[in-house]
Amino acid sequence: MSTVLLLSTADTDLLAARASGAAYRIGNPSRVDAAEELPP
């Protein structure tokens with residue numbers, strides 16, 4: 001099964017994706033420090 005990366009600045013989108021139980025990795029790009037939290 002594939003995992004979908006969902007990036008959204010709308011918290012309601014992220015909450016709905018989490019509640020769906022589907023294989024999502026979610027994140028808000030405005031709250032992610034790319035230098036520290038994402039692999040190179």
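Remember, predicted model here, so these are calculated numbers, not experimental data. Numbers here are sequence positions counted from 1.
Annotation for Y24 and L6: closest pair CD2-CB, 4.1 Å, computed over non-hydrogen atoms. Scanning both residues, S8 and A10, for their nearest heavy atoms gives OG-N, 3.0 Å. Heavy-atom minimum distance, S20 versus A17: OG-O, 2.7 Å.
The cluster map of Ile, Leu, Val, Met, Phe, Trp and Tyr, joined by side-chain heavy atoms under 4.5 Å apart, puts L7 and V4 in different clusters.
Here L15 sits alone; no ILVMFWY side chain lies under 4.5 Å from its own, so it joins no hydrophobic cluster.
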Q: Could you please spell out the steps behind the side chain to side chain contact (heavy atoms under 4.5 Å, CB included) verdict for D11 and R31?
A: CA-CA 11 Å; D11 290 335; R31 295 183 183 170; 3.2 Å; yes

